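Scroll down for the structure; my scribbles are underneath it.
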Amino acid sequence: MNRRPLRVRFAPSPTGSLHLGNARTALMNWIVARQTGGTLVLRIEDTDTDRHQKGAEDGILEDLRWLGLSWDEGPDAGGDHGPYRQSERHAVYREAAARLLAAGKAYRCFCTPEEQEAERDRLKAAGEVPRYLGRCGRLDGMEARRREEAGEPFALRFRTLLPSDDPESAEVRFHDRLRGSVKFLARELGDPVMVRRDGRATYNFAVVVDDAAMHIDLVLRGDDHLSNTPRQVLFYRALGAALPDFAHLPMVRGTDGERLSKRHGATSVAEYRRKGYLPRAMLNALILLGWGPQGDDSNILTPDEMIESFSLDRVSRSPSIFDPAKLDWLSGRHIQALSPADLAGPATRSLVGEGSLPDQALLPEAAEWRNGLARLVQDGIDRMDQVKERSSALFHKGGAFDPADPDMKLLLAGEEAHRVLEAMLQAVTDHAPTDVETWKAYKKAVQTGSGVKGKGLFHTIRVALTGSVSGPELDRLVPLIGSGSTLFPGSIPSIKDRIQSTIRQIDG
Ligand code: GLU
């Protein structure tokens, strides 16, 4: 494993929310930085103002933070190589472009967008790669200067082929950590634009100027950028900058093998976050997109274990399949592996978030109660948004059970059930069950008071308190109802009220 501290970067464009493919790129960069004791740079690529979405940058940063992926340099974190937003770096790009122009490695292109489009159409019709054939590259220097002085708008283009190159066979090669040697025919690249007519740098140019200025050692990104790389390699060379290592990650696809899209359901981190997945489950699903730990079939990994065992060189080159069912499974496993104290916060927050509990449920005095909630729901959930259903018995008002349900009828019509209910009501004043001890005493008091024991006793207690014949273990549930109704009386109906509503329903 490479232990030289590496400088890597994650460079999102604020054109939408963080989707799964980009989140995986961010995760793998984060891991490489952490496992080498290196640096993760966050750079916002916001030069494409047409596709810019308001609020997208904040959203992406928020999603990264939620995932727990911290960066060392970035727009908010600062650092020695800023600014870290491309929209604040125009001067840097202009300076680099001017250098290449002065060295004869670039030229002014006065061709109008219409002329360029017509050229591309002609090439396409002839079955060739659409590109710019370099007309303005052949302009005489004096002529170019005259047109510039006359105020004609121009873009700056890079001269791909050198006079010494054989235009038919010249190649641009680079090494990709996942694909080995990659090569492109230079003539198929055309003469790429560095600075547009409106003065904005293109993505390909800005990314190279920035990666060089920020001393990036490894460019790890999606393979949708593989075809951009040869042009970027040309820019590195012309600028006299050292080439970084490249690694292009295979695209993420749905279970049907198609590129992951809305058709497959949720594709953004924010959507999964809203569905109640834990960040660590999300990270686990992301790291398994194209990689798996050696000799560990369970594939359950904490972030620390990922840093321990991830190896870029073992990332698969074939497309990665994202399967939401696998995420559910992973998520369930992560939840089961948490200690109740670690599950307590997220479980309670999900109930507060959807309005079942007041904000006070997150205060220190409710810590014990939160642990009880975690123990109550832990076995039965794969996601935090299932806590509500799993804990619904806590919020039941008593009574209101389905009168047509034969089980209930049988259970509550009898005289035994009546005795149990009366005894429950009697006992609740002196032995309100708020913990294991008081619950024991309560059970005993109800048993003695009613003369009923075993199944008849417990079924009646359950139905009286929860309106249902099945549900979580009473030993966990009843103390939580008792203590919860004291802590959050507006949300959790008291045991006494529940018994009374049940009696009213039967009598009425
Ligand atoms: N800004 C580019 C994107 O969001 C990434 C560029 C790169 O990693 O080189 O696709």
Side-chain angles (χ1 to χ4, degrees), residues 6-33 39-53 55-61 63-64 69 71 73-75 81 83-90 92-93 96 174-179 182 192 194 196 200-236 239 241 243-252 259-261 267-270 286 289-290 312 315:
L6 291 181
R7 289 181 61 85
V8 290
R9 78 330 187 254
F10 177 58
S13 303
T15 52
S17 53
L18 182 67
H19 65 74
L20 299 179
N22 277 345
R24 175 195 50 179
T25 301
L27 169 62
M28 290 187 181
N29 275 294
W30 177 80
I31 291 176
V32 170
T39 303
L40 176 60
V41 175
L42 179 72
R43 184 173 69 229
I44 303 295
E45 306 213 316
D46 55 353
T47 50
D48 193 350
T49 36
D50 309 336
R51 295 177 54 225
H52 206 136
Q53 235 182 56
E57 178 184 325
D58 287 345
I60 291 170
L61 264 56
D63 288 343
L64 290 171
L69 302 180
W71 49 96
E73 295 176 23
H81 308 280
Y84 293 93
R85 261 186 216 103
Q86 289 192 326
S87 57
E88 295 162 19
R89 298 178 62 81
H90 290 306
V92 186
Y93 309 136
F174 58 92
H175 179 79
D176 182 279
R177 288 273 292 269
L178 304 181
R179 287 151 216 270
V182 183
M194 305 181 324
R196 298 184 184 91
R200 285 179 302 149
T202 57
Y203 155 70
N204 275 323
F205 190 61
V207 87
V208 170
V209 171
D210 288 348
D211 282 340
M214 296 176 185
H215 302 285
I216 299 302
D217 298 301
L218 165 69
V219 169
L220 168 55
R221 61 186 168 196
D223 67 3
D224 46 334
H225 288 292
L226 188 67
S227 60
N228 287 320
T229 310
R231 294 184 180 91
Q232 296 178 10
V233 167
L234 291 171
F235 294 150
Y236 277 104
L239 290 165
L243 269 194
D245 262 359
F246 291 100
H248 288 92
L249 299 167
M251 180 161 295
V252 179
R259 188 187 175 140
L260 197 65
S261 72
T267 55
S268 72
V269 169
L286 292 171
L289 292 172
L312 186 57
V315 170

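Every value quoted in this text rests on a predicted model; they were computed, and no experiment measured them. Counting convention: from 1, in listed order, for ligands and their atoms alike.
In this structure, the ring of His225 has its center no less than 6.0 angstrom from the ring center of Phe246.
Of all heavy-atom pairs between Pro83 and Met214, the closest is O-CE, 3.8 Å.
Of the protein's non-hydrogen atoms, the one nearest atom 8 (O) of ligand 1 is Arg9 NH1, 2.7 Å.
Numbered from 1 in the order shown, with element, the atoms of ligand 1 that lie under 4.0 Å from a heavy atom of Ser13 read 1 (N), 2 (C), 3 (C), 4 (O). Taking every heavy atom of Glu45 and a limit of under 4.0 angstrom, the matching atoms of ligand 1 come to 1 (N), 2 (C), 5 (C), 6 (C). Counting atoms of ligand 1 from 1 in the listed order, those under 4.0 Å from a heavy atom of Val207 are 9 (O).
Here's the thing with Ala11: one of its N/O atoms is less than 3.5 angstrom from an N/O atom of ligand 1. Of the N or O atoms in Arg221, one or more lie within a sub-3.5 Å distance of an N or O in ligand 1. Remark: ligand 1 and His225 share an N or O pair separated by less than 3.5 Å (distance only, no angle test).
Arg200 is linked by a side-chain hydrogen bond (donor to acceptor under 3.5 Å, both in side chains) to Thr49, Asp198, counting only residues two or more places apart in sequence or in another chain.
Using 4.0 Å as the threshold, Tyr203 has a heavy atom nearer than that to some atom of ligand 1.
Side-chain contact between Arg9 and His81 is absent, with no heavy-atom pair separated by less than 4.5 Å.
From Leu27, atom CG reaches atom CG of Asn22 across 12.5 Å, with rounding to the nearest 0.5 Å.
Taking 4.0 Å as the cut-off between side-chain N and carboxylate O, Arg179 and Asp223 count as a salt-bridged pair.
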